[in-house]
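This chain uses plain numbering: 1 for the first residue, then up along the sequence. The structure presented is a predicted model; accordingly, all values stated were derived computationally and were not measured.
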Amino acid sequence: MTRQRIVILIAILASIGLAAAAMRAPALFISSDRCQACHNGLVTARGEDVSIGADWRASMMANAARDPYWQASIRRETLANPKIAAAAEHECSACHMPMARYQAKAEGRMGSVFAHLPVVPGGGEAAALAVDGVSCALCHQIGKDNFGQRESFTAGFVVDNATAWGSRKIFGPYDVDKGRQRVMQSSSLFLPEKADHIRDSELCATCHTLFTHAFDDQGEVVGELPEQVPYLEWKHSAFNGRMSCQSCHMPKVEGETAISSTLGQPRQDVARHVFRGGNFFMPRLMNSHRDALGVTAESLEMETASARTAGHLAGSSAELAVHGAKVEDGTLEAEVEIANLAGHKLPTAYPSRRAWIHFTVLDAGGAVVFESGRPNADGSIAGNDNDADPARFEPHYAEIRGANEVQIYEPILGAPGDKVTTVLLAATHYLKDNRLLPLGFDKATADGDVAVKGGAAEDEDFKAGGDRVRYAVPLGGATGPFTVRAELWYQPISFRWARNVDDLPSEEARRFKSFYGPMAGSSAIALAKAEAAVR
């Protein structure tokens, strides 16, 4: 029997069982295993594996609900204010467990998190949808009804919940002939339809533009925080209209390739579902504890996802240069220039992320004469006020003169009364936001959701495209020639955010602490480096 006849037979059998399957299936979504059957095993003419399912299942999108730091953080939010526990789970499941949460919302229920955890086989349909994270049947069902509007943000995406099961549309970027439509409808219960909006940045914006509510001790809302808004940062940049989110985070396959291993047609500009973003560390951590976290991607796939993300960050995020290095009256002076190559702030998204300058001066023998921003083995930064004391934070610097001064590009959250906090549902504003700006970003006209906060707002050298920082450091009688080294380091879960769950009386916190501690020394990478010699 030929392969095509086998496929047709499978389609006929699937059609016969359509009604029974519809009764068993959840009302709006299916889990990714139904999609991966046909969208894996994809190889280009050059022999490169571009399997959609394999790429996706190793991504943070697929593992959004398995993320042990997210689980510990949600538990922290609920323990910090038990009166808002239900609201916190509802709000925080919106983008990490979107299928289960959307289903619950459509049925008039609140979304939950811990009802679906820990991840165990055979947990039922609701649990399967929850742990599937940001999955195929979620993104590819989102309509463009409210794209770009405020109500589309914070998981305000629209999924059709009126069309009968078995006739629901699934959106993609290509026309599909009727024969292949029927095959896909029979196997997945979805009817494929070409829709250009699947490649719009506004699709990503529905979850990656997130506003969180702040609550007081009585459970009353006291404020709102633009917790992560990379889409709005992009919209205020020169990249708007030139490059979409997908163009960087879902790079195109060169040449034509099939998107299905079953009767697949060669397609141009196929988007790789790698979702390379800002978190190289968590796939590595999750891979080390894959059994405990229920990771389904293969170990090599997780390693590849981490390495791919780290490589993209180190190769495409920033450039560094040292200018005007000289010695005068026992003081070494230099300027470090950073160029942000990203289409949004660097770093962006979840506020645990930070980047900083590690600046070192070496004497003729290679001994360290001066050092600012040394990364420590426990994940902290030497000289950083916030790592030493959770109530303080390092200001933005135009010029650095001492080893206890560190230029850190980060958001610092504030609770009412300007109290420093890492509790998202207590935060109402930013005390500091000097994350590096993308090209075209005018900080004078930026609205409050993406505004620069703190000393960077007045720093003329902190502007669209990057920053310049002056260093004037004492040499203490050391003799040259000297070597000046500058590195831009990046960390997706900064020390204070990683440690904010340490003392929680919960299994999620204990588990994350035990996972993170041995790996803290590898929680940061250098994005860019530069060096200069001074005689």
Side-chain angles (χ1 to χ4, degrees), residues 59-77 88 91-98 113 133-134 153-155 204-214 224-234 245 249 275-286 306 309-310 312-313 317 342-356 379 386 393 408-414 420-427 429-436 449-450 453 489-501 508 512 516 523-525 527:
S59 72
M60 287 308 300
M61 303 285 272
N63 292 290
R66 296 183 180 92
D67 181 342
Y69 180 63
W70 174 72
Q71 293 176 9
S73 297
I74 299 306
R75 185 66 82 185
R76 180 183 188 230
E77 300 284 347
E91 190 158 301
C92 297
S93 62
C95 291
H96 283 256
M97 295 177 168
V113 172
V134 186
F153 304 151
T154 316
C204 309
T206 58
C207 265
H208 290 283
T209 311
L210 178 60
F211 293 83
T212 51
H213 294 103
E224 185 180 67
L225 179 78
E227 186 251 87
Q228 54 177 292
V229 289
Y231 167 75
L232 298 181
E233 296 161 8
W234 167 85
C245 305
H249 298 283
F275 300 103
R276 57 188 190 188
N279 203 339
F280 68 91
F281 178 66
M282 190 53 66
R284 188 184 303 163
L285 182 148
M286 295 181 71
S306 176
T309 299
H312 176 64
L313 287 166
S317 296
H344 42 63
K345 291 182 180 181
L346 179 66
T348 191
Y350 193 70
S352 67
R353 300 175 177 183
R354 65 183 178 186
W356 72 95
N386 188 240
F393 63 92
I408 306 175
Y409 301 103
E410 62 184 346
I412 296 292
L413 307 187
V420 179
T421 185
T422 53
V423 178
L424 285 180
L425 301 187
H429 60 294
Y430 288 94
L431 299 171
K432 172 190 178 184
D433 185 355
N434 69 334
R435 290 173 289 183
L436 292 157
D449 291 337
V450 296
K453 301 290 185 180
W489 281 76
Y490 164 72
Q491 190 176 44
I493 307 177
S494 61
F495 177 82
R496 183 54 54 199
W497 283 81
R499 299 298 298 272
N500 69 9
V501 299
E508 295 84 7
F512 176 74
Y516 174 82
S523 64
I525 58 172
L527 301 183

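- With hydrogens and angles ignored, the 3.5 Å screen pairs a side-chain donor or acceptor of Ser306 with a backbone N or O of Phe280.
- Among residues two or more places apart in sequence or in another chain, the salt bridge (Lys or Arg N to Asp or Glu O under 4.0 Å) test is passed with Asp67 by none.
- The minimum heavy-atom distance linking Tyr430 with Pro411 is given by the pair CE2-CB, 3.5 Å.
- Contacts of Ser73 classified as side-chain contact (heavy atoms from CB on, under 4.5 Å), with partners at least two apart in sequence or in another chain: Tyr69, Tyr350.
- Looking only at side-chain heavy atoms (C-beta outward), Val134 and Cys207 stay at 4.5 Å or farther from each other.
- With rounding to the nearest 0.5 Å, the separation of CD in Gln71 from SG in Cys92 is 12.5 Å.
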From CA spacing to verdict: side-chain contact (heavy atoms from CB on, under 4.5 Å), Met60, Thr309: CA-CA 11 Å; Met60 287 308 300; Thr309 299; over 6 Å; no
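- A heavy-atom distance below 4.5 Å is not found between the side chains of Trp497 and Gln491.
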Carefully, step by step, assess Ser494 and Glu410 under the rule side-chain hydrogen bond (donor to acceptor under 3.5 Å, both in side chains). CA-CA 10 Å; Ser494 61; Glu410 62 184 346; 6.0 Å; no
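- Of all the heavy atoms in Ser523 and Tyr516, the pair that sits closest is OG-OH, 3.9 Å.
- Proximity of Leu346 to Ser317: side-chain heavy atoms (C-beta onward) are separated by under 4.5 Å at one or more points.
- The structure places CG of Leu232 at 13.0 Å from NE2 of His208, a figure rounded to the nearest 0.5 Å.
- Legend: residues meeting side-chain hydrogen bond (donor to acceptor under 3.5 Å, both in side chains) with Tyr490, ordered by chain and number and at least two apart, are absent.
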Pair Lys453, Ile412 - check side-chain contact (heavy atoms from CB on, under 4.5 Å), show working. CA-CA 9 Å; Lys453 301 290 185 180; Ile412 296 292; over 6 Å; no
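- Contact annotation: the side chain of His96 never approaches that of Ile74 to less than 4.5 Å [non-hydrogen atoms, C-beta and beyond].
- Not counting sequence neighbours, the partners of Thr421 by the side-chain contact (heavy atoms from CB on, under 4.5 Å) test are Leu413, Ala415, Val423, Ala426, Ala427.
- Between Arg75 and Val501 the shortest side-chain heavy-atom distance does not fall below 4.5 Å.
- Using a 4.5 Å heavy-atom cutoff, the side chains of Val113 and Trp70 are in contact.
- Scanning both residues, Lys345 and Val450, for their nearest heavy atoms gives NZ-O, 2.9 Å.
- A side-chain hydrogen bond (donor to acceptor under 3.5 Å, both in side chains) with Thr348 is found for one member of Glu233, Gln228, Arg353, Arg435 and no other, namely Glu233.
- The aromatic rings of Trp489 and Trp356 lie parallel to each other, their planes meeting at an angle below 30°, with 60° marking the opposite boundary.
- Heavy-atom minimum distance, Leu425 versus His213: CD2-O, 3.2 Å.
- Considering every non-hydrogen atom in both Thr212 and Leu424, the closest pair reads OG1-O, 4.1 Å.
- When the shell of 6.0 Å around CZ of Arg76 is examined, it contains more than 12 heavy atoms from other residues, nucleotides or ligands.
- Contact detail for Arg354 and Gly379: the closest heavy-atom pair is NH2-O, 3.2 Å.
- Under the salt bridge (Lys or Arg N to Asp or Glu O under 4.0 Å) criterion, Glu227 pairs with no residue, sequence neighbours left out.
- You'll find the side chain of Phe281 reaches within 4.5 Å of the side chain of Asn279, heavy atoms only.
- Scanning for salt bridge (Lys or Arg N to Asp or Glu O under 4.0 Å) contacts around Glu91 gives an empty result, with sequence neighbours left out.
- At a threshold of 4.5 Å between non-hydrogen side-chain atoms, the residues Ile408 and Phe393 do not count as touching.
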